[in-house]
Amino acid sequence: MSLRSPLGRARGLGSAKDGTHHFWVQRVSAVALIPLALWFVFSVANLPGASYEQVHWWVGYPAVAVTLVLLIASALYHSMLGVQVVIEDYVGHEGMKITALLLSKFFHFAVAAASIFAVLKIALT
């Protein structure tokens, strides 16, 4: 017994078998962001009136730097997955869709690389 529709069998088309994985990865990244975002909000809330040097020292602390890198990576990955879904659902023209997906991936990668580089530069100097 097949779960494919008659039209799908006739065309030889079917599921791309990628939607479930995308769904789960997006949910797992969202769950990972909960403690990371809470940590960030409470940590920054404990720095009221801190000077530039104090914040620089705080970011340079190894545990903080590692946690910031994890936050940046997971937030941008989660964002990239969400933007991908929006583009796939709402951009109709195939050429525009591919262009938008590529630009989105390049943008997210560039922001992640620059952000992680900044944190590591502070942490390692």
Side-chain angles (χ1 to χ4, degrees):
M1 177 177 182
S2 174
L3 297 177
R4 296 174 74 183
S5 69
L7 181 60
R9 282 192 301 274
R11 289 185 177 168
L13 303 174
S15 170
K17 297 186 179 32
D18 192 43
T20 304
H21 178 264
H22 188 98
F23 174 85
W24 278 108
V25 171
Q26 193 170 22
R27 295 324 180 263
V28 169
S29 65
V31 169
L33 279 170
I34 294 170
L36 291 170
L38 289 173
W39 166 82
F40 183 73
V41 168
F42 287 120
S43 295
V44 172
N46 287 328
L47 295 170
S51 68
Y52 172 81
E53 290 77 20
Q54 291 170 323
V55 175
H56 194 275
W57 178 85
W58 176 74
V59 172
Y61 190 71
V64 172
V66 168
T67 311
L68 278 173
V69 168
L70 290 173
L71 174 66
I72 291 165
S74 59
L76 284 165
Y77 184 63
H78 183 76
S79 171
M80 184 183 69
L81 292 172
V83 170
Q84 178 183 343
V85 169
V86 171
I87 291 170
E88 288 173 348
D89 287 348
Y90 294 107
V91 177
H93 189 266
E94 198 62 31
M96 287 291 291
K97 185 182 299 188
I98 292 170
T99 303
L101 286 171
L102 285 173
L103 288 173
S104 169
K105 287 189 188 287
F106 286 141
F107 172 78
H108 283 90
F109 178 76
V111 170
S115 302
I116 291 170
F117 175 77
V119 171
L120 291 178
K121 184 175 179 184
I122 291 170
L124 298 176
T125 58

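Just so you know, these numbers come straight off a predicted model, no measurement behind them.
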> If you group Ile, Leu, Val, Met, Phe, Trp and Tyr by side-chain heavy-atom gaps below 4.5 Å, do Val111 and Met80 land in one group?
Replying inline: no
> Within the distance-only criterion (no hydrogens, no angle test), does the side chain of Ser74 pair as donor or acceptor with the backbone N or O of Leu70 below 3.5 angstrom?
Replying inline: yes
> Would you say Leu76 and Phe109 make side-chain contact, with heavy atoms under 4.5 Å?
Replying inline: no
> Under the side chain to side chain donor-acceptor pair (under 3.5 Å) test, which residues partner Thr99, sequence neighbours left out?
Replying inline: none
> Can you tell if the side chain of Phe107 reaches within under 4.5 Å of the side chain of Val83, non-hydrogen atoms only?
Replying inline: no
>> Grouping I, L, V, M, F, W and Y whenever their side-chain heavy atoms are under 4.5 Å apart, do Leu101 and Leu103 come out in a common cluster?
In response: no
> How about His22 and Val85: do any of their side-chain heavy atoms sit closer than 4.5 Å?
Replying inline: yes
> With sequence neighbours left out, what residues match Thr67 under side chain to side chain donor-acceptor pair (under 3.5 Å)?
Replying inline: none
> Is a side-chain N or O of Ser29 found less than 3.5 angstrom from the main chain of Gln26, in a donor-acceptor match?
Replying inline: yes
> Val119, Leu36: one ILVMFWY side-chain cluster at the under-4.5 Å cut-off?
Replying inline: yes
> Atom CD1 of Ile122 and atom CZ of Phe117: how far apart are they, to the nearest 0.5 Å?
Replying inline: 10.5 Å
> Counting distance only, does the side-chain N/O of His108 pair as donor-acceptor with the main-chain N or O of Ser104 below 3.5 Å?
Replying inline: yes
> Hey, does Leu47 have a side-chain heavy atom less than 4.5 Å from the side chain of Gln54?
Replying inline: no
>> Please evaluate residues His93 and Lys97 with respect to the criterion side chain to side chain contact (heavy atoms under 4.5 Å, CB included), reporting the C-alpha separation (whole Å), side-chain torsions for both, the decisive distance (0.1 Å), and the verdict.
In response: CA-CA 6 Å; His93 189 266; Lys97 185 182 299 188; over 6 Å; no
>> Please say yes or no: joined through hydrophobic side-chain contacts below 4.5 Å, possibly via intermediate residues, are Ile87 and Ile98 part of one cluster?
In response: no
>> Test of understanding: clusters of I, L, V, M, F, W, Y form through side-chain heavy atoms closer than 4.5 Å, transitively. Do Val66 and Val59 belong to the same one?
In response: yes
>> Among residues at least two apart in sequence or on other chains, which ones pass side chain to side chain donor-acceptor pair (under 3.5 Å) with Trp39?
In response: Ser43
>> Any non-hydrogen side-chain atom of Leu33 less than 4.5 Å from a side-chain atom of Leu71?
In response: yes
